[in-house]
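Order of the sequence lines fixes the chain letters, A, B, ..., with proteins taken first and strands second; residue numbering starts at 1 for each chain.
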Amino acid sequence: MDGEGQTKKFMFVNRKVPYGTVYALESLEVVLISAAFDQDVSLAFVDDGVYQLKNGQSTDGIGMKNFSPTYKALGDYDINKLYVEKESLEERGLSLDDLMELTYEDEDDDWAEKTSIILVSREELAEVMDQQDVLISS
Amino acid sequence: MKFTILINEGPYQHQAADSAYQFAKAALEKGHEIFRVFFYNDAVNNATRLAIPPQDDRNITVQWAELAEQNNLDMVVCIAAAQRRGMLDDDERDRQGKDASNIHPAFRISGLGQLVEGGIQSDRLITFGD
Amino acid sequence: MAMLHIVNKSVFERGTLDSCLKSSLSGSSILFIEDAVVSAVNNTAVSDKIKAELSSKNFYVLTPDLNARGFTDADLIEGIKGVDYAGFVDLVADNSNVQSWL
């Protein structure tokens with residue numbers, strides 16, 4: 001496909017609570033497609049975006065599809081850099097224990113199972129964002 | 001320089017599509033290239049050819065169509081987002097067995113890969129949304 | 001080259017400006033468009049917060065959006081520059097990448 005051979009740093013910045021609006025779901029759909037392009041893809045969960053990774057989501061009572069299991073599949077697509085902003089978690093009374101377990105198998109380390117979640121401070125994330133070529137936010 | 005523009009909001013409800021249009025026009029006037037305009041989320045509704053805005057208001061779809069015609073713009077409507085919201089071109093109407101289509105011929109329907117490709121091929125990708 | 005941050009929400013309604021201010025490096029540029037232009041008007045409850053950042057970051061306002069809401073560049077906090085759409089395009093081209101704080 002066009003664009004082959006070029007690798008850019010893509011970051012998908014998620015800042016919204018899921019279900020109230022479609023942004024979290026439709027952003028995830030772009031992320032999945034981007035896996036096919038062999039780019040350097042990462043996700044950032046900032047502000048209310050951290051709620052997208054909250055464990056125990058159950059949508060039976062609202063008649064909407066629970067798409068949170070899709071985040072667990074990202075590792076299989078070689079998308080394994082999920083930056084979660086520490087301050088955003090803390091402001092919301094959350095810790096890593098409140099998030100889904102998201103892992104990938106590291107082919108460079110005998111397929112050891114590793115966490116895809118990278119806890120970063122606001123300052124560290126600002127540095128990572130600064131280094132991106134393409135930021136897609138919703 | 002080459003730009004790809006991503007729009008996430010529908011017409012009239014939110015200024016995003018207007019801002020994106022003004023930006024695209026200014027970029028072209030300055031001699032830049034628009035590699036692609038990608039309509040995602042509710043922005044797929046910008047592509048309807050059936051809207052009837054009041055006479056004294058702008059017609060957002062027609063504005064885009066005219067800009068596209070003058071500058072040979074590639075305007076892509078996300079197929080997944082469009083199907084969800086009942087936006088169909090003739091091919092999709094036939095393929096899905098529906099009784100109508102509504103997408104203006106200046107736009108084309110395609111997959112999300114077109115957005116990622118826009119990010120790869122362009123010098124800058126800029127998002128207009130809510 | 002540094003990063004361009006775009007904010008489009010009124011600071012009085014939503015927290016996107018705060019998010020942007022906290023997550024932008026010094027030397028980066030911040031552009032207010034759409035409803036966010038009211039955030040850059042002088043003598044409001046938030047002016048001081050922006051003034052405190054003026055020495056480390058560059059602030060811009062999309063003047064057509066400002067004018068649409070009944071203000072002119074003369075109403076801006078001193079040090080914030082008004083730009084037209086051509087200037088907006090220049091900001092996107094002259095910075096290395098763009099983040100829209102939606």
> Under 3.5 Å, side chain of A:S137 to main-chain N/O of C:S100, donor-acceptor pair present?
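A pair under 3.5 Å: yes.
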
> Closest heavy-atom contact between A:A126 and C:L25?
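Between these two residues, the closest heavy atoms are CB-CD2, 3.7 Å.
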
> Is the backbone of A:V134 close enough, under 3.5 Å, to the side chain of C:N97 for a donor and an acceptor to pair up by distance?
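The answer is no, because no donor-acceptor pair under 3.5 Å joins these two groups.
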
> Can you check side-chain contact (heavy atoms from CB on, under 4.5 Å) on A:E85 and C:S23, steps first, answer last?
CA-CA 10 Å; A:E85 198 195 70; C:S23 303; 3.8 Å; yes

> Do other residues, nucleotides or ligands put more than 12 heavy atoms under 6.0 Å from A:Y77 OH?
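Counting neighbours around OH of A:Y77, 12 or fewer heavy atoms of other residues, nucleotides or ligands fall under 6.0 Å, so no.
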
> Are the side chains of C:T16 and A:R15 in touch, meaning some heavy atoms are under 4.5 Å apart?
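Yes - at least one pair of side-chain heavy atoms lies under 4.5 Å apart.
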
> Distance check, rounded to the nearest 0.5 Å: A:I136 atom CD1 versus C:L102 atom CG?
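So the CD1 of A:I136 and the CG of C:L102 are separated by 11.5 Å.
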
> To the nearest 0.5 Å, what is the distance between CG (A:L135) and NE2 (C:H5)?
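The distance works out to 8.5 Å.
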
> Examine whether an atom of A:E87 lies under 4.5 Å from a heavy atom of chain C, and if so say whether it belongs to the side chain, the backbone or both; otherwise answer neither.
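Contact with chain C involves no heavy atom of A:E87 at all.
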
> Is A:E123 atom CD crowded by more than 12 heavy atoms from other residues, nucleotides or ligands, each under 6.0 Å away?
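No.
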
> Got a sec: does the NZ of A:K114 have more than 12 other heavy atoms crowding it under 6.0 Å?
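Counting other residues, nucleotides and ligands, NZ of A:K114 exceeds 12 neighbours.
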
> Does A:D98, at its CG atom, have more than 12 non-hydrogen atoms belonging to other residues, nucleotides or ligands within less than 6.0 Å?
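Yes, the 6.0 Å shell around CG holds more than 12 heavy atoms from other groups.
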
> In terms of heavy-atom proximity below 4.5 Å to chain C, should A:E91 be classed as side chain, backbone, both, or neither?
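Interface part for A:E91: side chain.
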
> Given a strict heavy-atom distance threshold of 4.5 Å, which part of A:D133 is in contact with chain C: side chain, backbone, both, or neither?
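For A:D133, the contact with chain C is made by the backbone alone.
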
> Which answer fits C:S28, side chain, backbone, both or neither, if we ask what part of it has an atom under 4.5 Å from a heavy atom of chain A?
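Neither part.
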
